[in-house]
*Asks:* 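Below is a structure I'd like to ask you about.
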Amino acid sequence: MGNRCENCIVRQLNSLKVLKKEELKAISDHKVTRSIKKGESLFSEGEKLNGIFCVRSGVSKLSKISENGKGQIVKIASKGEMIGQRSIISEEQTNLSAVALDDMEVCFIPKNHLIDNISKNVEFTKALLKHMANDLKFADTVIVNMAQKTVKQRVAETISYLDDNFEKDKDGYIGVILTREDIANVVGTAKEACIRTLTSLKKDKIISTQGKRIKIEDEKALYNIIQGI
Ligand SMILES: Nc1ncnc2c1ncn2[C@@H]1O[C@@H]2COP(=O)(O)O[C@H]2[C@H]1O
């Protein structure tokens with residue numbers, strides 16, 4: 001196997017980076033690397049996981065479907081993200097579904113290895129806590145934005161977030177491609193309202209689009225919209 005955790009650069013992006021060589025080797029001996037095709041599910045909301053997923057490449061949407069069938073995307077997880085640790089630690093079912101937005105490669109780490117290291121390595125436990133505290137802060141911001149910002153501000157903020165967190169393609173478009181419905185589900189609005197807002201941003205030459213691809217044309221104007229100026 002070429003992709004041993006000891007040699008994997010992705011772990012530098014998450015809590016696994018604080019593990020000692022022996023601890024990493026034990027994980028590496030038991031993890032399973034999987035390819036997930038675009039549109040495939042890693043897990044569904046309410047499932048009981050037997051381990052966590054470490055994203056080696058590709059992106060996944062973490063979302064929740066409400067009773068009226070509307071989806072809300074809480075986060076787009078990319079390289080280095082560990083997905084599923086919340087329910088493993090709380091011994092619950094998953095609170096969100098994870099679906100691949102493009103082809104992904106993930107490593108599945110069995111839960112006993114995670115729990116083992118939590119009990120034995122304080123640095124690892126601290127790193128995990130820090131990570132989950134960040135997830136909580138991120139979720140707080142999402143809630144407050146949803147309640148206090150307009151759809152236009154939220155669409156602008158989502159575009160800016162995607163631009164900041166994902167590489168651009170060779171033509172300068174944001175590298176992660178979301179459907180209009182996915183963008184609406186990040187923003188927390190109807191697809192039609194999302195499309196109308198994108199059209200208005202295009203008309204004002206703040207963004208340009210080609211198919212599903214989006215490019216920021218005027219960063220300052222986008223920033224002003226986010227700030228409500
Ligand atoms: N901001 C976030 N809020 C909730 N879960 C998140 C967040 N960011 C990442 N996640 C991960 O998404 C996972 C969904 O399944 P779990 O509830 O098991 O664990 C969750 C976390 O590991």
Side-chain angles (χ1 to χ4, degrees), residues 5 8 10-19 27 31-34 36 38-67 70-102 104-118 124-149 154 157-158 160-162 164-166 176 178 182-188:
C5 301
C8 182
V10 159
R11 94 184 129 86
Q12 293 304 331
L13 301 168
N14 62 40
S15 316
L16 298 175
K17 73 174 172 214
V18 302
L19 290 183
I27 286 187
K31 67 144 169 67
V32 182
T33 304
R34 282 195 213 157
I36 315 275
K38 178 179 175 176
E40 266 178 24
S41 158
L42 273 84
F43 57 81
S44 304
E45 179 186 337
E47 252 181 61
K48 195 104 191 197
L49 297 179
N50 289 315
I52 58 157
F53 295 89
C54 179
V55 180
R56 269 172 69 83
S57 63
V59 283
S60 164
K61 60 176 172 182
L62 303 176
S63 62
K64 199 169 173 77
I65 310 279
S66 64
E67 271 165 28
K70 255 179 69 81
Q72 176 66 48
I73 298 178
V74 175
K75 187 167 177 177
I76 311 240
S78 59
K79 189 156 112 183
E81 193 92 33
M82 294 214 293
I83 311 176
Q85 78 268 36
R86 193 208 59 82
S87 63
I88 293 294
I89 291 168
S90 63
E91 298 180 358
E92 288 174 352
Q93 293 152 327
T94 57
N95 193 36
L96 305 168
S97 300
V99 173
L101 283 173
D102 55 11
M104 297 181 78
E105 196 172 55
V106 298
C107 289
F108 180 77
I109 302 170
K111 110 175 166 188
N112 54 326
H113 286 276
L114 194 81
I115 303 294
D116 213 36
N117 284 309
I118 289 173
F124 181 64
T125 311
K126 278 204 274 191
L128 262 186
L129 267 175
K130 216 167 161 178
H131 221 89
M132 290 186 28
N134 271 328
D135 283 348
L136 188 57
K137 182 175 162 189
F138 183 88
D140 288 346
T141 310
V142 171
I143 297 170
V144 173
N145 281 351
M146 204 85 84
Q148 297 187 351
K149 293 195 171 171
R154 273 143 52 201
E157 191 151 50
T158 300
S160 173
Y161 173 81
L162 296 174
D164 286 345
N165 288 280
F166 299 94
V176 58
L178 301 184
D182 279 338
I183 297 176
N185 287 348
V186 174
V187 168

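In listed order, ligands and their atoms are each counted from 1.
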*Asks:* Can you name the atoms of ligand 1, numbered from 1 with element, that are less than 4.0 Å from a heavy atom of Gln85?
*Replies:*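 Those atoms are 22 (O).
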*Asks:* So which heavy atom in the protein is nearest atom 3 (N) of ligand 1, and how far is it from that ligand atom?
*Replies:*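 Result for atom 3 (N) of ligand 1: Val74 CG1, 4.0 Å.
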*Asks:* Using modelled atom types only, decide if a donor and an acceptor are shared between the side chain of Ser60 and the backbone of Ala77 within a distance under 3.5 Å.
*Replies:*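 Looks like no, no N/O pair under 3.5 Å.
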*Asks:* In terms of side-chain geometry, is the basic nitrogen of Lys61 or Asp182 positioned less than 4.0 Å from the acidic oxygen of its partner?
*Replies:*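 The answer is yes: the pair qualifies as a salt bridge.
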*Asks:* Within ligand 1, which atoms have a heavy atom of Leu96 less than 4.0 Å away?
*Replies:*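 Result: 4 (C), 5 (N), 12 (O), 14 (C).
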*Asks:* Starting from atom 18 (O) of ligand 1, find the nearest protein heavy-atom neighbour and note its residue, name and distance.
*Replies:*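 Nearest protein contact, heavy atoms only, for atom 18 (O) of ligand 1 is Ser87 OG, 2.5 Å.
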*Asks:* Only heavy atoms of Leu62, strictly under 4.0 Å: list the atoms of ligand 1 that pass.
*Replies:*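 Checking each atom against Leu62, I get 9 (C), 10 (N), 11 (C), 12 (O).
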*Asks:* Tell me: protein heavy atom nearest atom 1 (N) of ligand 1, and distance?
*Replies:*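 Ranked first by proximity to atom 1 (N) of ligand 1 is Asp135 O, 3.1 Å.
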*Asks:* Any idea which of Gly84, Ala98, Ser90 brings a heavy atom closest to atom 13 (C) of ligand 1?
*Replies:*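 Closest candidate by heavy-atom distance is Gly84.
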*Asks:* Are any side-chain N or O atoms of Asn185 and backbone N or O atoms of Ile73, one a donor and one an acceptor, separated by less than 3.5 Å?
*Replies:*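 Absent.
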*Asks:* Using 30° and 60° as the class boundaries, would you call the ring planes of Tyr161 and Phe166 parallel, tilted or perpendicular?
*Replies:*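 Because their plane-to-plane angle is over 60°, the rings of Tyr161 and Phe166 count as perpendicular.
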*Asks:* Under 3.5 Å, N or O to N or O, is Gln93 touching ligand 1 that way?
*Replies:*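 Among all N and O atoms of Gln93, none is under 3.5 Å from an N or O of ligand 1.
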*Asks:* Work out which heavy atom in Leu162 is nearest to a heavy atom in Leu178; give both atom names and the distance.
*Replies:*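 Answer, listing the atom of Leu162 first, then Leu178: CD1-CD1, 3.7 Å.
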*Asks:* Among all protein heavy atoms, pick the one closest to atom 17 (O) of ligand 1 and tell me residue, atom and distance.
*Replies:*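 Atom 17 (O) of ligand 1 sits closest to the protein heavy atom Arg86 NE, 2.8 Å.
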*Asks:* Is it the case that the side chain of Arg154 and the backbone of Val187 share a donor-acceptor pair, with hydrogens and angles ignored and the cut-off at 3.5 Å?
*Replies:*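 Yes: the side chain of Arg154 pairs with the backbone of Val187.
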*Asks:* Report the distance from atom CZ of Arg56 to atom CD1 of Ile36, rounding to the nearest 0.5 Å.
*Replies:*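 Answer rounded to 0.5 Å: 13.0 Å.
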